[in-house]
There are 2 protein chains.
Amino acid sequence: MFSKACEYAIRALLFIAQKTVDGSKIGIKEIAKGIDSPEHFIAKILQDLSRKGMVQSQKGPSGGFYLHQSSLNASLADVVRTIDGDSIFSGCALGLKQCSEVKPCPLHHEFKKIRENISHMLQTASLGEFSQQLEKSKLFLKR
Amino acid sequence: MFSKACEYAIRALLFIAQKTVDGSKIGIKEIAKGIDSPEHFIAKILQDLSRKGMVQSQKGPSGGFYLHQSSLNASLADVVRTIDGDSIFSGCALGLKQCSEVKPCPLHHEFKKIRENISHMLQTASLGEFSQQLEKSKLFLKR
DNA sequence: CAAATAAAAGAGTTCTTTGTCTTTTTTTCC
DNA sequence: GGAAAAAAAGACAAAGAACTCTTTTATTTG
Ligand code: FES
Ligand code: FES
């Protein structure tokens, strides 16, 4: 479904959102532990997201990662698109070069609905909203 | 969603079903052309499916691939499970080691429905039924 | 300013997937 | 039985994804 990088990215951003509601910052080691991901790998991914403005960071002592309001308003769809591109939103289920209504593959009509459900799931809630639910209900970012 | 191997496999099996309704057989080169896949790659995949009894083959002149009735009755889910395993049917959207109802990830409740839709799409129709529709309506296996 | 801290950057490594090429085996058909 | 046809098998190559390690840069704080 998603690439490993994308899975880690989503988990990391939700984790950061959750841990920095109080305006603090959180370091890469804690993040890696918190979401059970390889430290240097998630560091690379966050570097990338940082360059693209989807997460904020500060170097030096008492530095770390955090999220601007604008980043909190981003949807998971934005994250997925940034990392995996939009194949999941518009690609053909059977790998035809172009999904097409006029030359549909055998799964097209059914798959179209599924893609819409996925889009809806990723588009509806923002990082901020998710992290609120993370606090309230019992949701998990690692096992 | 699916691996390349799995995409090619589905397309190939549907193509074979379609081309051998009359009891004939079809060669690997035609299959590769018919579904626009690398010839030797799809050959490997069909070898594999053949060993597992999901497609039938015969060597020598006038040989080729075809499908027993039992193979025609297989669902796409069977094919996907054979090649990609069952991660798509039961894996966690965010890559947690185990999808779990009691320790759900933030996407779990929504994603569960989507997984069910995917299962349904793959489980419902058999290869044979798909290939009938391929003939009747205008469906495509390459672009 | 110096030392310490933390992210950024860069350069690899390893593993998996995808794809190619060559040889072998089986079967048919003359 | 020999030639030709076709899949099976095996070994390899290329690309991409996932992951690691080292060095650099920026920032803080005493
Ligand atoms: S053509 Fe395959 S999903 Fe649209
Ligand atoms: S726990 Fe992630 S999908 Fe079920």
Side-chain angles (χ1 to χ4, degrees), chain A residues 1-13 15-16 19-20 24-67 80 82-85 87-88 94-95 97, chain B residues 1-13 16 19-20 24-33 35-67 80 82-85 87-88 94-95 97:
Chain A
M1 177 75 63
F2 307 125
S3 67
K4 274 292 169 197
C6 190
E7 292 173 355
Y8 291 143
I10 293 173
R11 280 153 60 190
L13 291 180
F15 188 73
I16 295 170
K19 293 292 180 183
T20 64
S24 64
K25 306 188 190 86
I26 183 165
I28 196 70
K29 276 177 198 156
E30 280 183 84
I31 295 172
K33 273 181 201 158
I35 67 170
D36 188 30
S37 76
E39 181 183 325
H40 295 286
F41 191 31
I42 189 61
K44 280 289 161 206
I45 297 164
L46 287 177
Q47 263 172 49
D48 201 53
L49 290 175
S50 166
R51 256 180 260 114
K52 290 170 178 160
M54 306 206 59
V55 69
Q56 284 65 49
S57 69
Q58 179 159 29
K59 289 181 176 181
S62 86
F65 292 88
Y66 59 103
L67 291 164
V80 171
T82 299
I83 296 185
D84 283 354
S87 63
I88 207 170
L94 295 186
K97 283 162 194 158
Chain B
M1 176 78 59
F2 307 127
S3 67
K4 274 290 168 197
C6 190
E7 290 174 357
Y8 291 143
I10 293 173
R11 278 152 63 188
L13 291 179
I16 295 170
K19 291 292 180 184
T20 63
S24 63
K25 306 187 188 87
I26 183 164
I28 197 70
K29 277 176 198 158
E30 281 182 84
I31 296 171
K33 273 181 201 157
I35 67 170
D36 188 29
S37 75
E39 182 184 324
H40 295 285
F41 191 32
I42 188 61
K44 282 285 161 211
I45 296 164
L46 288 177
Q47 265 172 47
D48 201 52
L49 290 176
S50 167
R51 258 181 258 114
K52 290 171 176 160
M54 304 206 59
V55 69
Q56 284 65 50
S57 68
Q58 180 158 28
K59 289 180 175 183
S62 85
F65 292 87
Y66 60 104
L67 291 164
V80 171
T82 299
I83 295 184
D84 282 355
S87 63
I88 206 169
L94 295 187
K97 283 162 194 160

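Since the model is a prediction, treat every value here as computed from it, not as a measurement. No hydrogens, no waters, no symmetry mates; every other heavy atom, side chains included, goes into these values. Chain letters run A, B, ... following the sequence lines, proteins first, then strands; residues in each count from 1.
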Where along residues 48-57 of chain B does a heavy atom come under 4.0 Å from DNA chain D, residue by residue in number order? B:S50, B:R51, B:S57
Taking five pairs at each terminus, the helix from C:dC1-D:dG30 to C:dC30-D:dG1 shows an axis bend, to 10°, of 0°
Without decimals, in angstroms, what is the distance between [X] [atom1] and [N] [atom2]?
X	N	atom1	atom2	value
A:I31	C:dA8	CD1	P	10 Å
B:I28	D:dA6	CD1	P	12 Å
B:D84	C:dT17	CG	P	9 Å
A:K25	C:dA6	NZ	P	12 Å
B:I26	D:dA7	CD1	P	10 Å
A:I42	C:dA6	CD1	P	18 Å
A:L46	C:dA9	CG	C1'	15 Å
B:D36	C:dT18	CG	C1'	15 Å

Using a strict 4.0 Å threshold on nitrogen-to-oxygen distance, state whether A:D36 and A:R11 make a salt bridge. no
Give me the atom names and distance for the closest heavy-atom approach of [X] to [Y].
X	Y	answer
A:S24	A:K19	OG-O, 3.4 Å
A:V55	A:L46	CG1-O, 3.8 Å
A:I35	A:Y8	CD1-O, 3.6 Å
B:G64	B:Y66	O-CD2, 4.0 Å
B:S3	B:I83	OG-CG2, 4.2 Å
B:I42	B:A9	CD1-N, 4.3 Å

Run the salt bridge (charged side-chain N to carboxylate O under 4.0 Å, His left out) test on A:E30 and A:K33 for me, step by step, so that the C-alpha distance in whole Å, both residues' side-chain angles and the decisive distance to 0.1 Å come before the verdict. CA-CA 5 Å; A:E30 280 183 84; A:K33 273 181 201 158; over 6 Å; no
Output for pair (A:S57 OG, A:I26 CD1), nearest 0.5 Å, gives 13.5 Å
The reported gap from SG in B:C6 to CD1 in B:I45 (rounded to nearest 0.5 angstrom) is 9.0 Å
Go along nucleotides 25-30 of chain C 5' to 3' and tag each nucleotide: B for a protein heavy atom under 4.0 Å from its base, S when only backbone or sugar atoms are that close, - otherwise. BBBB--
Between the protein and nucleotides 17-21 of chain D, are there any N/O to N/O pairs under 3.5 Å, and if so, what are the atom names and distances?
residue	atom	partner	partner atom	Å
D:dA18	OP1	A:K4	N	3.0
D:dC19	OP2	A:Y8	OH	3.3

Could you list the residues that satisfy ring-ring contact (aromatic ring centres under 6.0 Å, His included) with A:F65, not counting sequence neighbours? none
Contacts of type side-chain hydrogen bond (donor to acceptor under 3.5 Å, both in side chains), residue B:K52, not counting sequence neighbours: B:D48
Go through the steps for B:I88 and A:M1 under the test side-chain contact (heavy atoms from CB on, under 4.5 Å), then give the verdict. CA-CA 8 Å; B:I88 206 169; A:M1 177 75 63; 5.5 Å; no
